[in-house]
Amino acid sequence: MLDQARPVVLLLARIALGVIFLVHGYQKFAMGIAGTAEFFASAGIPLPGLVAPAVAGLEVAGGLALMIGAALPFAGTLLALDMIGAIVFVPGPHGLTGDGGYEFVLALAAASLAVGFTGGGAFALDSALTRRRPAQPAIS
């Protein structure tokens, strides 16, 4: 029973996590990259003019990648690093829980790695591409 449920559960987790990242990245674009860069500067993030569009783009592209199940280890790792950076510069000083705590950001980082390295479940593009590739002959 668990083996049958696992692909569907991973699909649901992948989509939920992808939507969260997609929306957060979209918000950064919607408020304007200049506004995002200004917030990043106020948080002490170095090179905010370069980091703001990179983070917004990563969150949109990474969210989409998770949702379709493409390049999952790569996307999951980059999104986890994004969240670790967020912890260091924004909620880190507030502690794990409470007002401004980093528990949500830490959960996003852990979930990104978990989803990124599990194969993605049902309807993952990575799985479909892996199944379609012909076996490569061993080189002696």
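All values derive from a computational prediction rather than experimental measurement.
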So if you build clusters from Ile, Leu, Val, Met, Phe, Trp, Tyr with side-chain heavy-atom gaps below 4.5 Å, do [X] and [Y] land together?
X: L17; Y: I87; answer: yes
X: L81; Y: L79; answer: no
X: L64; Y: F29; answer: yes
X: L47; Y: L58; answer: no
X: V88; Y: V105; answer: no

**Report entry** Heavy atoms from other residues, nucleotides or ligands near CZ of F123 exceed 12 (cutoff 6.0 Å)
**Finding:** no
**Request:** May I ask you to check whether over 12 heavy atoms, not counting those of Y26, lie within 6.0 Å of atom OH?
**Result:** no
Nearest heavy-atom neighbours spanning [X] and [Y]:
X: M67; Y: R14; value: O-NH2, 3.2 Å
X: P53; Y: I33; value: CD-CG2, 3.7 Å
X: A80; Y: S112; value: N-CB, 4.0 Å
X: T77; Y: P73; value: OG1-O, 2.8 Å
X: D82; Y: E59; value: OD2-OE2, 2.7 Å
X: V8; Y: A122; value: N-CB, 4.5 Å

Side chains of [X] and [Y]: closer than 4.5 Å at any heavy-atom pair?
X: R6; Y: V9; result: no
X: T36; Y: V55; result: no
X: V51; Y: F89; result: no

Spacing of [atom1] belonging to [X] relative to [atom2] belonging to [Y], to within rounding of 0.5 Å:
X: L78; Y: F21; atom1: CG; atom2: CZ; value: 10.5 Å
X: L72; Y: S127; atom1: CG; atom2: OG; value: 7.5 Å
X: T97; Y: L106; atom1: OG1; atom2: CG; value: 12.0 Å
X: I15; Y: L22; atom1: CD1; atom2: CG; value: 12.0 Å
X: E103; Y: L108; atom1: CD; atom2: CG; value: 10.5 Å
X: M83; Y: L113; atom1: CE; atom2: CG; value: 11.5 Å

